[in-house]
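Atoms within each ligand, like the ligands themselves, are counted from 1 in listed order. Values reported hereafter were calculated over all heavy atoms of this structure, with side chains retained and with hydrogens, waters and symmetry mates removed. In what follows, residues are counted from 1 in the order of the sequence shown.
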Amino acid sequence: MPKRLTPDEYAAGVLSGNRVLLSRAITLVESTLPSDQVLAHAVMEQVLPHVGKSVRVGITGVPGVGKSTFIEAFGNYLLEQHGKKLAVLAIDPTSQRTGGSILGDKTRMETLSIHQNAYIRPSPAGKTLGGVARSTRESILLCEAAGFDVIFVETVGVGQSETAVHEMVDFFLLLMLAGAGDELQGIKKGIMEMADAIAITKADGPNLTPATSAQAEYQSALHLFPLGASKWSPKVTVCSAYEKSGLGDIWDSVTEYVQLTQQNGYFHQRRQEQNLHWLRHSIRQQLEERFYQHPAVQAQWETVAGQVTQGQKSPFAAAAELFGLLS
Ligand code: GDP
């Protein structure tokens with residue numbers, strides 16, 4: 001394990017775009033060791049004045065929809081055609097079970113991972129969704145401080161992780177397959193409502209026609225949703241990562257969205273609301289941690305939990321009793 005640096009050294013390294021120090025700073029914000037957390041907070045405080053200058057894009061879709069192939073193609077398009085610096089982060093709450101991570105497979109995003117203007121960071125393993133979400137949120141800021149101007153946050157389509165990602169990005173892109181029913185794709189209405197754009201993937205060869213019909217279907221489905229506070233009406237496009245087609249249309253949607261919402265103030269307002277969301281989120285987490293770690297609670301837990309399980313005590317009375325132990 002490399003020697004710990006001072007907060008100044010981490011911050012200076014991140015701000016100069018040093019990838020090794022960026023990775024080490026991210027490892028620090030992922031750490032649950034109290035001493036690492038103190039250091040991480042000090043680093044974050046120093047980099048905060050330099051964050052915020054990126055477009056944060058959430059990318060979701062069920063496994064098999066073509067996410068990693070798409071990110072590779074779309075990422076390369078942004079690097080080559082628009083001279084962007086891209087960081088790809090991931091949220092995978094399932095990685096704690098498999099012990100792996102969705103970006104852990106070395107064959108994924110092969111060309112992107114070696115590009116000098118791209119930085120790929122796998123989802124931290126062995127944590128709860130709340131823990132993964134918190135550190136990913138901080139990692140976004142560290143990547144911005146290191147000079148990345150487009151940040152992708154990838155998530156697998158399993159429900160709660162989308163909501164967490166939605167709370168940390170500016171633009172939410174949902175990838176969908178033509179031909180598979182909504183049920184099959186595990187896509188709930190709530191997730192469609194979060195989408196600022198839907199891209200129908202694999203629109204090549206014999207898939208092109210079904211993809212184009214799906215595009216029309218989803219576009220009319222989205223029209224049924226009322227316009228949100230952003231005043232943006234979500235776009236539906238088709239794309240093929242194999243043929244590198246439709247990538248420009250997706251980037252156009254992102255830039256049009258950013259332009260519109262920067263003009264009408266929503267962009268800034270939403271980032272402020274997201275900051276508040278993460279404040280509340282961390283307070284909830286810390287309260288819960290303190291509660292469960294309190295010696296009096298730990299001493300009584302087994303007994304009280306047993307009484308609740310057996311129906312001898314109501315969960316509400318039991319919670320009140322345990323809270324009473326804190327004072
Ligand atoms: P993920 O699980 O969502 O990350 O999906 P992958 O990127 O691993 O892709 C799943 C499968 O779809 C793989 O077999 C890919 O080769 C295939 N695939 C990905 N993109 C395309 C595409 O643009 N066109 C076609 N025809 N197949 C694709």
Give yes or no for whether the N/O distance cutoff of 3.5 Å, strictly under, is met between [X] and ligand 1.
X    : value
P63  : no
G64  : yes
N207 : no
E154 : no

Under 4.0 Å, heavy-atom basis, I'd like to know which part of D204 is in contact with ligand 1: side chain, backbone, both or neither.
side chain
Pairs of donor and acceptor atoms involving the side chains of residues 38-55, under 3.5 Å and at least two apart or interchain, shall be tabulated with distances.
from : atom 1 : to   : atom 2 : distance (Å)
H41  : ND1    : Q37  : O      : 3.4
Q46  : NE2    : D8   : OD1    : 2.6
S54  : OG     : E144 : OE2    : 2.6

Pairing of E138 and R134 as salt bridge, 4.0 angstrom limit:
yes
Less than 4.0 angstrom from a charged side-chain N to a carboxylate O is my criterion; do R137 and E167 meet it?
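Salt bridge flag = no for E167 with R137.
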Any donor-acceptor pair under 3.5 Å linking the side-chain atoms of E273 with those of Q269?
yes
Under 4.0 Å from a heavy atom of [X]: which atoms of ligand 1 are those, numbered in the order shown and with their elements?
X    : value
K67  : 1 (P), 3 (O), 4 (O), 5 (O), 7 (O)
T69  : 6 (P), 7 (O), 9 (O), 19 (C), 20 (N)
S240 : 23 (O)

If we ignore hydrogens and angles and just use 3.5 Å, is the side chain of S245 paired with the main-chain N or O of A241 as donor and acceptor?
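Looks like no, no N/O pair under 3.5 Å.
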Measuring only between side-chain heavy atoms, which start at C-beta, is V57 closer than 4.5 Å to I151?
no
Can you find a non-hydrogen atom of T201 under 4.0 Å from ligand 1?
no
Measure the distances from the heavy atoms of V62 to every atom of ligand 1 and state whether one is below 4.0 angstrom.
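The answer is yes: ligand 1 sits under 4.0 Å from a heavy atom of V62.
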Neighbour count >12 (heavy atoms, 6.0 Å) for atom CD, E302:
no
